[in-house]
There are 2 protein chains.
Amino acid sequence: MNLDKAESQTGTLGKALAVLDVIATSYEPLRFTDLLNRLGQPRGSLHRQISHLLEEGLITLNADTGTYELGVRLLNWASLAWSQNSLRQVAAPFLAALHERTNETVHLAVLRDDRVVYLDKVESCQAVRMHSQIGNTSPVYCTGVGKAMLSVLDQASVAELAQRLDFQVFTKHTLTSPAALLAEVEQIRAQHYAEDREEHEVGIRCVAAPLVSAQGELRGGISVTTPVYRLQAQQLEQWRVWVVETAQAINNSLKVKLGPHA
Amino acid sequence: MNLDKAESQTGTLGKALAVLDVIATSYEPLRFTDLLNRLGQPRGSLHRQISHLLEEGLITLNADTGTYELGVRLLNWASLAWSQNSLRQVAAPFLAALHERTNETVHLAVLRDDRVVYLDKVESCQAVRMHSQIGNTSPVYCTGVGKAMLSVLDQASVAELAQRLDFQVFTKHTLTSPAALLAEVEQIRAQHYAEDREEHEVGIRCVAAPLVSAQGELRGGISVTTPVYRLQAQQLEQWRVWVVETAQAINNSLKVKLGPHA
DNA sequence: AAACAAATTCCACTATTTGGAACAAAAATA
DNA sequence: TATTTTTGTTCCAAATAGTGGAATTTGTTT
């Protein structure tokens, strides 16, 4: 009956998670009717989906406001997801060493759904904000790790991806077109490292490199971030070398730790 | 046909999440067959459930090992869950102030499924381990916050809960019977604060108090934790006061921020 | 107390899930 | 290399769980 396009259905699960996603990404708290409007589903169906999510502890009803919040079960899963993540486990000591050398904030990130997701962070003891960044996402096109990761995908995929991106302007250095991004990625591919020159946030620069498996598949990216005011030209040069070296070391470690088979 | 006991079914969603839970709580990485054994489901069904979880990004297949890991989508949700959590938002400044006064680690936790889940933590800049603790769980019966939270439930619920707990012995001070726990909770109810006297970990003590809504319903708990070696008797007395004061302040703030209705 | 809005329940209809078995691929063994 | 065993994937009729429109209940406003 229906052999349209990429027909991807995860059935009942997908529908329930769509509800969860709306709750997760809404800026203001939502009541039943708000969800009804945003999801355009029949009352009955939505109602049951919500009860299931509640019963499973994925969401919570705030009795005072009648609005839904994400449940703490998600926090618990995330904690487990983080600690068992194999990429993170392998990379951790290298990130620590890189931080040691640079004394700047070091990130580990992966690509998901056209966005960068931060997996780990090593920083000098600062105001200890939550996971600081862990689990947060940023656009690919204006972050060091983002562009670094794109550089190991084949040109065609990058072009496709660039086409469907929605370029937002964060600073006057933000890349704002598919063409600009493609050109930049081309260059990154050649030099093996990427830079963010205040493209996402004014006053913040970073140097990044991609992580790949033994088969050359994209695994993630790492970066060193710094405020420009304490940045000196030769430091930057030094960091490029260190970041690339560290990425290389992690790649080698990945081969040993994960895939001694091909 | 089937009116057995507490008949709680979340249908398809519940089954999918059961798979996720097995992956989450396993100590070693699991392959398809491992999951099959642990879940005792027909091959076909499990296979489809796994594909759905994969497609939704809730789990990832590690191509090198053929094992499944939790997906980063969970990290992203957790990050949002944490930042939008209203209890945490309200409590945050009070936790910071309490940390300021005591200069010791301060925790915010909630009760879920007979366990304590840590929601927030303020600590002196130490080795920055991930969420440090956020999303981690501990038993109720051997933690300060755990026992503090039990003290605001009615005696019957606590007795029931105590009965179904599996008391593990962590130190020589760990409470190991429903009776002991009930007695302790009784006392906590009277004095309005709880203590963990090296019951979970040798050398660690803590003082805790429960958080309640305007209607007196349990909302969570807070605690101050310290290594015994730097503990002096009069400090402890001081902290009891501060912890109870802080809890009271948060409770008041909860009334204002959340529920000005009854 | 009436009018209104929001949330919950109901139930005949329909789509998805189920689970056993057949099939394919990969590893282990001969 | 051939053979067996293990592991993973696909199929489809039957069973089950989800759908969605409407009626009912609950709770808020006038």
Side-chain angles (χ1 to χ4, degrees), chain A residues 1-4 6-23 26 28-56 58-69 215 258-262, chain B residues 1-4 6-20 22-23 26 28-56 58-69 214-215 258-262:
Chain A
M1 313 268 118
N2 186 352
L3 43 124
D4 293 351
E7 215 25 65
S8 76
Q9 260 293 17
T10 50
T12 310
L13 178 64
K15 289 168 198 165
L17 298 186
V19 177
L20 193 64
D21 238 357
V22 169
I23 296 171
S26 164
E28 67 269 357
L30 304 173
R31 284 165 310 135
F32 182 84
T33 314
D34 302 322
L35 285 168
L36 199 61
N37 295 333
R38 304 216 181 184
L39 287 154
Q41 272 201 80
R43 305 176 89 71
S45 302
L46 180 62
H47 190 266
R48 186 180 22 73
Q49 287 163 351
I50 288 181
S51 346
H52 286 174
L53 289 171
L54 278 171
E55 202 169 333
E56 286 294 339
L58 267 52
I59 62 176
T60 312
L61 175 61
N62 186 322
D64 298 312
T65 58
T67 60
Y68 296 97
E69 292 180 7
Q215 295 80 39
L258 299 182
H261 76 102
Chain B
M1 313 269 120
N2 184 353
L3 43 123
D4 292 353
E7 215 25 66
S8 77
Q9 259 293 17
T10 51
T12 309
L13 178 64
K15 289 168 197 164
L17 298 185
V19 177
L20 193 65
V22 169
I23 295 171
S26 164
E28 67 268 358
L30 304 173
R31 284 164 311 129
F32 181 84
T33 313
D34 303 321
L35 286 168
L36 199 61
N37 295 333
R38 304 214 182 187
L39 287 154
Q41 272 200 79
R43 305 173 89 72
S45 303
L46 181 62
H47 190 267
R48 184 180 26 72
Q49 288 163 350
I50 288 181
S51 345
H52 286 174
L53 289 171
L54 278 171
E55 202 168 333
E56 287 293 340
L58 267 52
I59 62 176
T60 313
L61 175 60
N62 186 322
D64 298 312
T65 58
T67 60
Y68 296 97
E69 291 180 8
Q215 296 79 40
L258 299 182
H261 74 102

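Below, chains carry the letters A, B, ... as their sequence lines are ordered, and counting in each starts from 1. Just so it is clear, the model here is predicted, and its values are computed rather than measured.
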Look at the side chain of B/Asp34 and the backbone N and O of B/Arg31, then say whether any donor-acceptor pair between them is shorter than 3.5 Å.
yes
C/dT8 phosphate, OP1 or OP2, under 4.0 Å from A/His47 side-chain N/O:
yes
Roughly, in whole Å, what's the span from CG in A/Leu17 to P in D/dG18?
14 Å
Rounded distance (Å) that lies between atom C1' of C/dT9 and atom CD1 of A/Ile50
15 Å
Could you give the CG-to-C1' distance, from B/Asp34 to D/dG8, as a whole number of Å?
13 Å
Closest heavy-atom contact between A/Thr65 and A/Thr67?
OG1-OG1, 2.6 Å
Is a side-chain donor-acceptor pair under 3.5 Å present for A/Glu69 with A/Thr60?
no
Ignoring backbone atoms, establish whether B/Lys15 has a side-chain N or O less than 4.0 Å from OP1 or OP2 of C/dT18.
yes
Nearest nucleotide by nearest heavy atom, which residue falls closer to the 5' end of DNA chain C, B/Gln49 or A/Arg48?
A/Arg48
note: B/Phe32, atom CZ; C/dA26, atom P; distance rounded to Å ~ 16 Å
Contacts to DNA chain C from residues 35-43 of chain B, heavy-atom cutoff under 4.0 Å, which residues?
B/Pro42
Presence of salt bridge, B/Glu28 and B/Arg38, under 4.0 angstrom:
yes
Please give, in whole Å, the distance from D/dG8 P to B/Arg31 CZ?
6 Å
Take the protein atom CD of B/Glu55 and the nucleotide atom P of D/dT9, then report the distance between them rounded to whole Å.
14 Å
Most 5' of A/Gly44 and A/Gly11 on DNA chain C, judged by nearest nucleotide:
A/Gly44
Among the candidates C/dT9, D/dG20, D/dA17, find the nucleotide nearest to the side-chain atoms of A/Ser45.
D/dG20
I'd like to check A/Leu17 versus A/Asp21 (side-chain heavy atoms, cut-off strictly below 4.5 Å). Are they in contact?
no
Between B/Leu30 and B/Tyr68, is any pair of side-chain heavy atoms under 4.5 Å apart?
no
Measure the distance from CG on A/Leu30 to C1' on C/dA6 and round it to the nearest whole Å.
15 Å
Options C/dT18, C/dT17, D/dG8, nucleotide nearest the side-chain atoms of A/Thr12
C/dT17
Does the side chain of A/Thr10 pick up a donor-acceptor pair with the side chain of B/Glu55 at under 3.5 Å?
no
Nearest whole angstrom, please: distance from the P of D/dT16 to the NE2 of A/His52.
16 Å
